[in-house]
Amino acid sequence: MKPYSVDLREKIVNAYERGGTSIRKVAVQFGVAKSYVQKLLQLQKTQGHLEPKKQGGTIKGKLDKYGSELAEMVKSHPDATLSEYCEYFGEKYNVWVCASVMCCALQKQKLTRKKRLYAVVKRKQKESKG
């Protein structure tokens, strides 16, 4: 949701500062919450402006700065499970994470964890013997 415009924010504060009305009535008049009017008044008083703060942003993952280390780990241990990767990474870099964090980090790096299909290999061995 986009922030309310500075123009609307100024109208709300001006309506209250003209006097003769309560915060509740101003809130009803402009169709906003009472707490929003209070927040605007506090913002005007403390910071002297009504500009909205920057919204959102990306949340940095715990393993985002370990891209090359993750790639090397997957390359050197292609058959490891997520739990084993977590254990290995914790012991080697002292960064302990759960399997879901490790999975997300590997997906961000576009690193796949291909497992050897031992069942397929065994089946092929049986077919060649029999």
**Fill in**
Note: V37 and I12 closest approach over all heavy atoms is CG2-CG2, 3.9 Å
**Prompt:** Can you check whether Y4's main-chain N or O pairs, donor with acceptor, with R9's side chain at less than 3.5 Å?
**Reply:** yes
**Asked** What about Y93 and L82, same hydrophobic cluster or not, with Ile/Leu/Val/Met/Phe/Trp/Tyr joined at side-chain heavy-atom distances under 4.5 Å?
**Response** yes
**Item:** L111-Y88 co-clustered via ILVMFWY side chain contacts under 4.5 Å
**Value:** yes
**Asked** If only atom types and distance count, is the side chain of K62 paired as donor or acceptor with the main-chain N or O of W96 below 3.5 Å?
**Response** yes
**Message:** Working to the nearest 0.5 angstrom, can you tell me the gap between Q29 CD and S22 OG?
**Reply:** 10.5 Å
**Shortest non-hydrogen contact from P52 toward P3** = CB-CB, 3.8 Å
**Request:** Find out whether C103 and Q107 are in side-chain contact, i.e. whether some heavy atom of one side chain is under 4.5 Å from a heavy atom of the other.
**Result:** yes
**Asked** Would you call the rings of Y66 and F89 parallel, tilted or perpendicular, where under 30° means parallel and over 60° means perpendicular?
**Response** perpendicular
**Message:** Can you confirm whether M73 sits close enough to M102 that some side-chain heavy atom of one is under 4.5 Å from a side-chain heavy atom of the other?
**Reply:** yes
**Item:** Near-ring test Y85/H77, centroid separation under 6.0 angstrom
**Value:** no
**Complete:** Those residues at least two apart in sequence (or on a different chain) that pass salt bridge (charged side-chain N to carboxylate O under 4.0 Å, His left out) with K11 are D7
**Request:** Give a yes or no on whether the backbone of E10 and the side-chain of N14 come within a donor-acceptor separation of less than 3.5 Å.
**Result:** yes
**From OH (Y16) to OG1 (T21), nearest 0.5 Å** = 8.5 Å
**Asked** If you round to the nearest 0.5 Å, how far is CD of E72 from NZ of K75?
**Response** 6.0 Å
**F30/Y36 aromatic ring centres below 6.0 Å** = no
**Prompt:** Between L40 and L50, what is the shortest heavy-atom contact and its length?
**Reply:** O-CD2, 3.5 Å
**Request:** State which residues pass salt bridge (charged side-chain N to carboxylate O under 4.0 Å, His left out) with K25; sequence neighbours excluded, sorted by chain then number.
**Result:** none
**Request:** Identify the two heavy atoms, one from L43 and one from E51, that lie closest to each other, and give their separation to 0.1 Å.
**Result:** CD2-O, 4.0 Å
**Asked** Under the side-chain hydrogen bond (donor to acceptor under 3.5 Å, both in side chains) criterion, do Q47 and H49 qualify, and how do the steps go?
**Response** CA-CA 6 Å; Q47 296 187 4; H49 64 82; 3.2 Å; yes
**Request:** Work out which heavy atom in L70 is nearest to a heavy atom in L63; give both atom names and the distance.
**Result:** CD1-O, 4.0 Å
**Message:** Let me confirm one number: the CD-CD distance from E91 to E87, rounded to the nearest 0.5 Å.
**Reply:** 4.5 Å
